[in-house]
Amino acid sequence: MAAALDSPIFTDADKAREHLEAQRWPNGVVCAQCGNADPEKIHSLKGKAHRPGVYQCAECRGQFTVTVGTVFERSKIPLNKWLLAVHLMTSSKKGISTHQIHRMLNVTYKTAWFMCHRIREAMRDDNPPPMGGDGHIVEADETYFGDKEVVAQRTKRGKTRIGGKRAVVALVERGGSVRSFHVKSADATTIREIVVTNVHRTSVLHTDESKLYTKTGAEFDGHETVRHTAGEYVRGIVHTNTIEGFFSVFKRGMKGIYQHCAEKHLFRYLAEFDFRYNNRTKLGVSDVMRRDNALKGIEGKRLTYRRVGSAALA
């Protein structure tokens with residue numbers, strides 16, 4: 001199910017607020033400051049002295065709105081524009097550029113850039129459960145995208161060597177979710193830490209013939225490999241085509257849509273591509289459901305403009 005871009009929640013700030021309240025508080029209003037959920041102790045403030053959507057908690061005597069404690073907090077951008085930006089980012093398979101958001105929402109480029117990073121923060125899952133399990137297949141692979149901020153060594157022709165490129169390690173459960181990481185170096189120690197931390201030991205690991213996974217694979221119930229160097233890409237059910245497909249969408253989006261990405265922000269873009277893959281149509285998630293799933297992730301992720309500049313490497 002697709003949402004029309006002239007939907008009331010994209011054109012009316014009050015309708016957008018009501019929709020956001022329904023997503024954040026499906027069982028009734030909860031105080032954003034003390035967590036009180038007693039409807040007898042939470043009152044909606046009305047009258048000319050208060051704007052719509054302001055509540056007061058009798059428990060802590062604080063006033064709050066649905067945006068308090070979220071990535072939307074203290075934003076002067078109307079909520080209907082926020083919801084439209086979330087919808088555009090979640091319904092575009094390869095992403096949507098900040099310039100396009102800035103033109104469609106009629107906000108400055110700087111504002112659109114900050115909005116997009118806040119939305120990516122909402123898409124991040126900071127505490128996901130282990131992937132795989134008994135009889136489940138998890139594919140693991142690494143790829144390289146773009147040059148590091150400082151390239152130490154180049155070839156005689158001026159090309160960047162592998163050590164000078166940004167490394168990305170990803171895990172995907174066959175028929176399930178993906179999890180990707182920007183790492184300083186895709187070495188055996190780093191990869192093992194990522195794999196054993198995120199994948200259930202009873203899973204079967206599928207990789208290429210890289211020696212980076214040899215010892216790590218022995219720690220799982222099974223480890224199957226395909227020999228890409230010998231022209232082997234599929235052997236029965238053994239392959240890494242799923243993770244290669246994810247990398248393909250990621251690279252096409254980064255090259256064709258975003259084009260430029262500072263290394264310190266790469267982990268945020270990975271979170272965006274992870275989110276859309278984990279909420280894809282093949283899993284029964286529509287554009288509307290994907291948007292609302294992103295809105296459910298806004299809580300507890302306050303992001304200031306200064307903090308956007310911070311990096312996060314695995």
Side-chain angles (χ1 to χ4, degrees), residues 3 5 7 9-17 19-21 23-24 32 51 53 64-126 145-146 149 166 180 182 250 253-276 279 287 290-313:
L5 296 186
S7 170
I9 66 172
F10 300 144
T11 58
D12 186 304
D14 287 332
K15 294 294 184 183
R17 174 182 51 77
H19 182 79
L20 187 59
E21 288 179 353
Q23 299 305 311
R24 189 180 180 191
R51 66 186 187 278
F64 63 94
T65 67
V66 69
T67 62
V68 172
T70 74
V71 295
F72 300 157
E73 185 173 353
R74 299 185 70 179
S75 171
K76 295 181 180 179
I77 306 300
L79 270 179
N80 55 297
K81 290 191 176 186
W82 271 112
L83 264 58
L84 180 54
V86 173
H87 182 78
L88 292 171
M89 288 185 68
T90 55
S91 61
S92 305
K93 185 173 182 178
K94 297 179 181 68
I96 182 169
S97 71
T98 301
H99 274 294
Q100 187 67 25
I101 294 287
H102 131 72
R103 289 191 292 267
M104 293 183 70
L105 271 61
N106 194 26
V107 296
T108 66
Y109 174 77
K110 181 178 179 180
T111 296
W113 181 86
F114 188 28
M115 289 177 73
C116 290
H117 275 310
R118 284 195 187 188
I119 294 169
R120 292 185 185 102
E121 188 72 11
M123 292 177 177
R124 292 182 64 195
D125 187 352
D126 295 326
F145 174 77
E149 299 298 330
R166 306 172 187 178
S180 54
H182 174 212
F250 166 69
M254 295 301 293
K255 291 179 180 179
I257 304 297
Y258 294 120
Q259 300 181 27
H260 303 287
C261 169
E263 185 175 5
K264 63 184 178 182
H265 296 311
L266 183 55
F267 77 102
R268 300 188 194 279
Y269 287 89
L270 286 170
E272 176 187 347
F273 282 89
D274 284 359
F275 176 85
R276 280 196 296 265
N279 291 272
D287 287 351
R290 192 179 308 111
R291 177 200 67 213
D292 289 344
N293 286 345
L295 291 176
K296 289 170 182 163
I298 64 173
E299 190 168 355
K301 295 179 179 177
R302 184 83 171 90
L303 184 66
T304 62
Y305 192 85
R306 182 177 297 178
R307 282 188 53 233
V308 172
S310 61
L313 289 177

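A cation-pi arrangement, defined by a distance under 6.0 Å to the six-membered ring centre and an angle within 45 degrees of its axis, is present between R120 and Y258.
Between the CG atom of L79 and the NZ atom of K81 there is a distance of 12.0 Å, given to the nearest 0.5 Å. Annotation: the span from T108 atom OG1 to M115 atom CE amounts to 10.0 Å, rounded to 0.5 Å. One distance of note links CE of M254 with CD of Q259; it measures 10.5 Å at 0.5 Å rounding. Between atom CH2 of residue W82 and atom CD1 of residue I77 there is a gap of 7.0 Å, rounded to the nearest 0.5 Å. Taken to the nearest 0.5 Å, the CE atom of M89 stands 4.0 Å off from the CD atom of E272. Taken from CZ in R268 to CG in L266, the straight-line distance is 11.5 Å, to the nearest 0.5 Å.
In this structure, H265 and H117 have tilted ring planes: the angle between them lies in the 30° to 60° band.
Exactly one residue among V86, L295, L88, I101 makes a side chain to side chain contact (heavy atoms under 4.5 Å, CB included) with I119. That residue is V86.
Heavy-atom minimum distance, T65 versus A32: O-CB, 4.4 Å. Closest of all the heavy-atom pairs between C116 and T98 is SG-OG1, 4.0 Å.
Between the side chain of S7 and the main chain of F10, no donor-acceptor pair closer than 3.5 Å is present. For the pair R124 (side chain) and A271 (backbone), a donor-acceptor distance under 3.5 Å is absent. With hydrogens and angles ignored, the 3.5 Å screen pairs a side-chain donor or acceptor of D274 with a backbone N or O of S180. Judged by distance alone, the side chain of T90 and the main-chain N or O of H87 form a donor-acceptor pair under 3.5 Å. Listed for the K301 side chain is a donor-acceptor partner under 3.5 Å among the backbone atoms of A122. Between the side chain of R276 and the backbone N or O of K93 there is at least one donor-acceptor pair closer than 3.5 Å.
Using a 4.0 Å cut-off between charged side-chain N and carboxylate O, E121 and R118 make no salt bridge. Ion pair R17/E21 flagged as a salt bridge, since at least one NZ, NE, NH1 or NH2 atom sits closer than 4.0 Å to an Asp/Glu carboxylate oxygen.
The side-chain heavy atoms of R291 and H19, taken from C-beta on, include a pair separated by under 4.5 Å. Looking at S75 and T67, their side chains never come closer than 4.5 Å, going by heavy atoms from C-beta outward.
Atom CG of N106 sits in a sparse spot, with 12 or fewer heavy atoms from other residues, nucleotides or ligands closer than 6.0 Å.
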